[in-house]
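All values below were derived from every heavy atom in this structure, side-chain atoms included, with hydrogens, water molecules and symmetry-related copies excluded.
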Amino acid sequence: MTETGTGEFAVRSTGIDGAGTLRAWWKFDEGAGTTATDSSGNGHTLTATGDPGRSVGGTVPGAVAFDGVSQWLSTEGPVLRTDQSFSVAAWVRLDATTTAGDIDLPAGQYAIAAVAQDGPSHSPFYLGARKVLDGQTTGAPEAPLRWDFTVAPIDGAVTGTIEWPHAAAGPVQPALGEWVLLVGIYDLDAGTATLVVPGAGDVVTVPLPEGWPQWHAEGGVQLGRARYLDKVSDLWPGSVGPVRIFSGVLTAEDAAELYRNDTVPES
């Protein structure tokens, strides 16, 4: 594969050999503007809402900074078939200047999403961070904020009869202000959801509950927010760097290879 990149952050054409099919890849190396080009060649351009900040160079070749209030990026239509297996890899950072050094969420909020895809009522997956107490219990005020990959069983239900699986690692606090690679893997054949945080060596896999449905979300991919109960939700108070989306299943070894190939020096 051909090496490409900007500055000290070197990435390959897909970043890995063989696993999955690359559907979208945003490097954010334009430096300015209201759109971000899809480097996969599939034409999934992102368009900004709320004028998020843009930067190039440094630790990552490009990034978008969100205020956690009214800023995000969207594709016009879906990138993934969410009724099939897929994988999402995103460089993320929770910014100390945006969070004022405090990553505790406001009362009544339990998650923040760096990457999601819209359904009519809520998102089929949420990659970011969530307050998770014991691996699956969410919503407890004392729960720490953890890196998280959550998948939703069906659109249009608050809870329903099937639990939402949360693959959670972390906690987030030690990594405040640092770039972290998160890789969420949705494997329908294995019946699992996995979060890999290769820089920390974390691999967390949770089973999909019995009777797990498969549904496709027709909305666009969202960076910097998700959707819940037919409303914009879980806005990200930080930055998002390069994002790759794959159909198919990556492995923990693939995630580690992405991390090695995306050479991120110390800040």
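- With rounding to the nearest 0.5 angstrom, the OG atom of S123 is 7.0 Å from the CZ atom of R225.
- Q117 places a side-chain N or O within 3.5 Å of a backbone atom of L80 that can act as its donor or acceptor partner.
- With sequence neighbours excluded, no residue forms a salt bridge (Lys or Arg N to Asp or Glu O under 4.0 Å) with E76.
- V196 places none of its side-chain heavy atoms less than 4.5 Å from the side chain of L181.
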| said: Test side-chain contact (heavy atoms from CB on, under 4.5 Å) on L145 and I112; report intermediate values, then the result. | reply: CA-CA 9 Å; L145 191 66; I112 46 180; 4.2 Å; yes
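- A distance of 5.5 Å separates CG of L250 from CD1 of I185, quoted to the nearest 0.5 Å.
- No continuous path of hydrophobic side-chain contacts links V232 to L223 [ILVMFWY only; heavy atoms under 4.5 Å].
- Ring to ring, Y259 and W91 are close: their centroids are under 6.0 angstrom apart.
- Scanning both residues, F28 and G241, for their nearest heavy atoms gives CE1-O, 3.0 Å.
- A donor-acceptor distance shorter than 3.5 angstrom exists from the side chain of Q71 to the backbone of G50, with no hydrogens or angles considered.
- Using a distance-only test at 3.5 Å, with no hydrogens or angles considered, a donor-acceptor pair links the side chain of Y126 to the main chain of R227.
- L127 approaches L195 most closely through the heavy-atom pair CD1-CD1, 4.0 Å.
- Not one N or O on the side chain of Q214 forms a donor-acceptor pair closer than 3.5 Å with the backbone of W212.
- In this structure, the side chain of T21 does not engage the main chain of S247 through any donor-acceptor pair within 3.5 Å.
- Both V79 and V64 belong to a common hydrophobic cluster when Ile, Leu, Val, Met, Phe, Trp and Tyr are linked at side-chain heavy-atom distances under 4.5 angstrom.
- F66 has its side chain within reach of L73: a pair of non-hydrogen atoms, C-beta onward, lies under 4.5 Å apart.
- Atom-to-atom distance recorded for N42:CG and R23:CZ is 7.0 Å, nearest 0.5 angstrom.
- The two atoms that bring A226 and A113 nearest to each other are CB-CB, 3.7 Å, heavy atoms only.
- Residue V249 is grouped with residue L258 when hydrophobic side chains (ILVMFWY) are merged at heavy-atom distances under 4.5 angstrom, including chains of intermediate members.
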| Please walk me through it: do T47 and S74 pass side-chain contact (heavy atoms from CB on, under 4.5 Å)? | CA-CA 5 Å; T47 301; S74 308; 5.8 Å; no
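- In terms of heavy-atom proximity, R93 sits nearest to W236 at O-NE1, 3.4 Å.
- S87 places a side-chain N or O within donor-acceptor distance of the main-chain N or O of G248, the cut-off being under 3.5 Å.
- The hydrophobic cluster containing L235 does not contain V88, counting ILVMFWY residues as joined when their side-chain heavy atoms lie under 4.5 angstrom apart, directly or transitively.
- Note: Y228 and W164 have perpendicular aromatic rings, judged against thresholds of 30 and 60 degrees for the angle between ring planes.
- Rounding to the nearest 0.5 angstrom, the gap separating the CD atom in E257 from the CG atom in D262 is 10.0 Å.
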| field | Intermediate values then yes/no, ring-ring contact (aromatic ring centres under 6.0 Å, His included), F125 and F86 | value | CA-CA 10 Å; F125 70 89; F86 61 83; 5.1 Å; yes
| message | Apply salt bridge (charged side-chain N to carboxylate O under 4.0 Å, His left out) to residues R146 and D202 and explain how you reach the verdict. | response | CA-CA 12 Å; R146 299 181 182 275; D202 292 331; over 6 Å; no
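- Tracing side-chain contacts under 4.5 Å through hydrophobic residues (I, L, V, M, F, W, Y), one reaches V92 starting from I245; they form part of the same cluster.
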| What do the steps show when you test L208 against L188 for side-chain contact (heavy atoms from CB on, under 4.5 Å), and what is the final call? | CA-CA 8 Å; L208 303 179; L188 284 173; 4.0 Å; yes
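- Taking every heavy atom of both residues into account, P52 and A65 meet most closely at CB-O, 3.4 Å.
- G170 and W147 make their closest contact through CA-CD1, 4.0 Å (heavy atoms, listed as atom of the first residue, atom of the second, distance).
- Scored by the salt bridge (Lys or Arg N to Asp or Glu O under 4.0 Å) test, D234 finds no partners at all (sequence neighbours excluded).
- Side-chain contact check for V56 versus P61: every heavy-atom pair is 4.5 Å or farther apart.
- With contacts defined as side-chain heavy-atom distances shorter than 4.5 Å, the pair F246/L22 qualifies.
- For the pair L94/P237, a side-chain contact is recorded, criterion being any heavy-atom separation below 4.5 Å from C-beta on.
- Using a 4.5 Å cut-off on side-chain heavy atoms (C-beta onward), V204 and T194 make no contact.
- Annotation: side chain of P165 is not in contact with side chain of P207 (no heavy-atom distance under 4.5 Å).
- A donor-acceptor contact shorter than 3.5 Å is absent between the side chain of D148 and the backbone of G128.
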| Audit row: W26, V240, side-chain contact (heavy atoms from CB on, under 4.5 Å) steps and yes/no | CA-CA 10 Å; W26 301 287; V240 175; over 6 Å; no
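- Applying the salt bridge (Lys or Arg N to Asp or Glu O under 4.0 Å) test to residues at least two apart or on different chains, the pairs with a partner in residues 42-63 are E30-R54.
- T75 places no side-chain N or O within 3.5 Å of a backbone atom of H44 that could act as its donor or acceptor partner.
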